[in-house]
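Taking it in order: structure first as structure tokens, then the write-up.
Values in this document were obtained by computation on a predicted structure and should not be read as measured data. Just so it is clear, the values below take in all heavy atoms, side chains as well, and ignore hydrogens, waters and symmetry mates.
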Amino acid sequence: MRTILIPTDFSKNALHALKYAQELYKCERACFFVLHTYMDEVYGAYKTASVEDMEAQKEAKKKESEKKLDNLLQSVIGTPPNPLHNFETIASFDSLVDGINDFVNEMNIDLVIMGTKGETSDHKTTFGSYTIEVFKYVKCPVLAIPEDFEYKQPKAILFPTDYMLPYKRRELKLLGDLAGKFKSEVHCLYFTDFDELSSRQEDNKRFLQDSLSKAYLSFGTSSVKNKADAIMEYIEKREVGMLVMVNSRHSFFEDMLYRSTVDLLGLKVKIPFLVMQNLNR
């Protein structure tokens, strides 16, 4: 059974991500954990409250969150419900990143699926600040779904890579299973001005091929120019349905997301964006 965690702030984008998750795994046994963290709601409004008032506010927010979660499930389970799917809700007095990481570790979560922006995000940016924090710090693959993206099977998946990292096998298996299920072609795109790979890169490329044995693989190169522009150009030309990157130190992904907004680089992703983690779990 797949274990999927869906963080929600009860925004339209979060609801859309939950519905996308149900479609993505509609033919598989899956348990969806819907998580709402409410620490910021308590501290944000009651910074100078007494201990008694703070405890009362925490209890009130917990009950309010649980009620909203129950109403949310009633709106998405469907009639009749999918017999392959189970749902559980969690209201947690925690920050978003810590709440997700704790639950990922506790339940051995396979994938986090969330919206690209929350209720309070700046509509001029592609990703909200909370989504970027989850990308950077959560030790689990994260799939972000744009609010306006209508569900369709990803027949082409773009995976920019420099072949310098021996990626985690568990992360690659997730990508391989998704690609295999939809008979997708995974386009491994390497940015380089050189014709040959080093021995290390050749070994990591073979590891990719072995780990993604369920997928159709293609290997391409692009000159080292504006990588964000090159990715967007590739997505448009090849009708790519999902973008995949790996979060690791000193990578293009890190260089991109550790800036103030993704839009500063011109990368406006309008398709599902899967961020795999090269971090120990």
- [ ] State whether Lys58 and Glu55 are salt-bridged, where the test is any N-O pair (Lys NZ or Arg NE/NH1/NH2 against Asp/Glu carboxylate O) under 4.0 Å.
- [x] yes
Task: 4.5 Å side-chain heavy-atom contact, Ser198 and Gln201 - done: yes
Task: Value rounded to 0.5 Å, distance of CG in Leu208 from CG in Leu172 - done: 5.5 Å
Open item on the list: If you compare all heavy atoms of Cys188 against all heavy atoms of Thr161, which two are closest, and at what distance to 0.1 Å?
Closed with: CB-CG2, 4.2 Å
Open item on the list: Would you say that Ile4 contacts Cys31 through its side chain, given a criterion of any heavy-atom pair below 4.5 Å between the two side chains?
Closed with: no
Task: Exceeds 12 heavy-atom contacts within 6.0 angstrom, atom CZ of Phe149 - done: yes
- [ ] Flag yes if Tyr216 and Met242 sit in one hydrophobic cluster, no otherwise; membership is Ile, Leu, Val, Met, Phe, Trp, Tyr, and two members link when side-chain heavy atoms are under 4.5 Å apart.
- [x] no
Open item on the list: Could you tell me if the side chain of Tyr38 sits less than 4.5 Å from the side chain of Asp9, heavy atoms only?
Closed with: no
Task: Shortest non-hydrogen separation from Pro7 to Ile113 and the atoms involved - done: CD-O, 3.4 Å
TODO: Kindly work out whether a path of hydrophobic side-chain contacts (I/L/V/M/F/W/Y, heavy atoms less than 4.5 Å apart) joins Leu189 to Met164.
DONE: no
TODO: Using a strict 4.0 Å threshold on nitrogen-to-oxygen distance, state whether Asp203 and Arg206 make a salt bridge.
DONE: yes
Task: ILVMFWY network linking Val34 to Phe10, side-chain heavy atoms under 4.5 angstrom - done: yes
Open item on the list: Rounded to the nearest 0.5 Å, what separates atom NZ in Lys136 from atom CD1 in Ile132?
Closed with: 7.5 Å
Task: Check: Thr37/Asp94 side-chain N/O donor and acceptor closer than 3.5 Å - done: no
Open item on the list: Using 0.5 Å steps for rounding, measure from the CG atom of Asn101 to the CD1 atom of Ile109.
Closed with: 11.5 Å
Task: Test item: Gln22 side-chain N/O and Val76 main-chain N/O as donor-acceptor pair under 3.5 Å - done: yes
- [ ] Give a yes or no on whether a salt bridge exists between Asp210 and Lys205, defined as a side-chain N under 4.0 angstrom from a carboxylate O.
- [x] no
Open item on the list: As an exercise, state the distance from CG of Leu143 to CG of Leu174, rounded to the nearest 0.5 Å.
Closed with: 8.5 Å
Task: Heavy-atom side-chain contact between Val275 and Val244 under 4.5 Å - done: no
Open item on the list: Is it the case that the side chain of Gln277 and the backbone of Phe135 share a donor-acceptor pair, with hydrogens and angles ignored and the cut-off at 3.5 Å?
Closed with: yes
TODO: Of all the heavy-atom pairs spanning Val134 and Val97, show the shortest one and how long it is.
DONE: N-CG2, 4.2 Å
Open item on the list: Quick one, Glu88 and Phe32 - any side-chain contact, counting heavy atoms below 4.5 Å?
Closed with: no
- [ ] Verify the distance criterion only: is there a donor paired with an acceptor across the side chains of Ser11 and Asn13 at less than 3.5 Å?
- [x] no
Open item on the list: Rounded at 0.5 Å granularity, tell me how far CG in Leu5 sits from CE in Met114.
Closed with: 9.5 Å
TODO: Apply ring-ring contact (aromatic ring centres under 6.0 Å, His included) to the pair His187 and Tyr234, showing each step before the final yes or no.
DONE: CA-CA 10 Å; His187 298 252; Tyr234 197 97; 5.7 Å; yes
Open item on the list: Which label fits Tyr151 and Tyr20: parallel for a plane angle under 30°, tilted from 30 to 60°, or perpendicular past 60°?
Closed with: perpendicular
Open item on the list: Using only atom types and a distance under 3.5 Å, with no angle test, would you say the side chain of Thr8 pairs donor to acceptor with the backbone of Leu35?
Closed with: no
Task: CG on Leu178 to CG on Leu24, rounded to 0.5 Å - done: 5.5 Å
Open item on the list: Would you say that Tyr163 contacts Phe219 through its side chain, given a criterion of any heavy-atom pair below 4.5 Å between the two side chains?
Closed with: yes
Open item on the list: Counting C-beta onward and ignoring hydrogens, is there a side-chain heavy-atom pair between Gln209 and Leu217 closer than 4.5 Å?
Closed with: yes
Open item on the list: Here's a test for you: under salt bridge (Lys or Arg N to Asp or Glu O under 4.0 Å), which of Arg29, Arg170, Lys173 qualifies with Asp110?
Closed with: Arg170
Open item on the list: If the test is side-chain hydrogen bond (donor to acceptor under 3.5 Å, both in side chains), which one of Glu66, Glu41, Lys68 qualifies with His36?
Closed with: Glu41
TODO: Walk me through it: do Ile231 and Leu158 pass the test side chain to side chain contact (heavy atoms under 4.5 Å, CB included)?
DONE: CA-CA 8 Å; Ile231 287 174; Leu158 177 58; 3.9 Å; yes
Open item on the list: Taking the basic N atoms (NZ, or NE/NH1/NH2) and the acidic carboxylate oxygens, is any pair closer than 4.0 Å for Lys270 and Asp148?
Closed with: no
Task: Closest heavy-atom pair and its distance - Ser222, Ala230 - done: OG-CB, 4.0 Å
Open item on the list: Could you tell me if the side chain of Phe33 sits less than 4.5 Å from the side chain of Phe87, heavy atoms only?
Closed with: no
Open item on the list: Quick one about Tyr137 and Asn247 (side-chain donor to acceptor, distance below 3.5 Å, no hydrogens or angles considered), yes or no?
Closed with: no
Open item on the list: Tell me whether Glu64 is salt-bridged to Lys61, with the criterion being a basic N under 4.0 Å from an acidic carboxylate O.
Closed with: yes
Task: Which atom of Thr131 lies closest to which atom of Gly115, heavy atoms considered - done: OG1-O, 3.3 Å
Task: Charged N-O contact under 4.0 Å between Arg238 and Glu185 - done: no
Open item on the list: Quick one, Phe191 with Thr221, criterion side chain to side chain contact (heavy atoms under 4.5 Å, CB included). Give me CA distance, side-chain angles, the key distance, then yes/no.
Closed with: CA-CA 6 Å; Phe191 292 101; Thr221 59; over 6 Å; no
TODO: Salt-bridge test for Glu23 and Lys19: reply yes if a basic N is under 4.0 Å from a carboxylate O, no otherwise.
DONE: no
Open item on the list: So for atom NZ, which belongs to Lys155, do other residues, nucleotides or ligands contribute more than 12 heavy atoms lying within a distance under 6.0 Å?
Closed with: yes
Task: For the student: nearest non-hydrogen atoms of His16 and Ile145, plus distance - done: CD2-CG2, 3.9 Å
Open item on the list: With a 4.5 Å cut-off on side-chain heavy-atom distances among I, L, V, M, F, W and Y, is there a chain of contacts connecting Ile90 to Ile77?
Closed with: yes
TODO: Apply side chain to side chain contact (heavy atoms under 4.5 Å, CB included) to Glu106 and Asp102, showing your working.
DONE: CA-CA 6 Å; Glu106 179 184 348; Asp102 289 346; 5.9 Å; no
Task: Lys214 vs Asp177, side chain to side chain contact (heavy atoms under 4.5 Å, CB included): CA-CA, chis, key distance, verdict - done: CA-CA 7 Å; Lys214 294 181 181 179; Asp177 288 346; 2.9 Å; yes
Open item on the list: Test ring-ring contact (aromatic ring centres under 6.0 Å, His included) on Tyr167 and Phe159; report intermediate values, then the result.
Closed with: CA-CA 12 Å; Tyr167 300 131; Phe159 183 16; 5.7 Å; yes
TODO: State plainly whether one hydrophobic cluster holds both Leu84 and Met1, where clusters connect Ile, Leu, Val, Met, Phe, Trp and Tyr through side-chain heavy atoms under 4.5 angstrom apart.
DONE: no
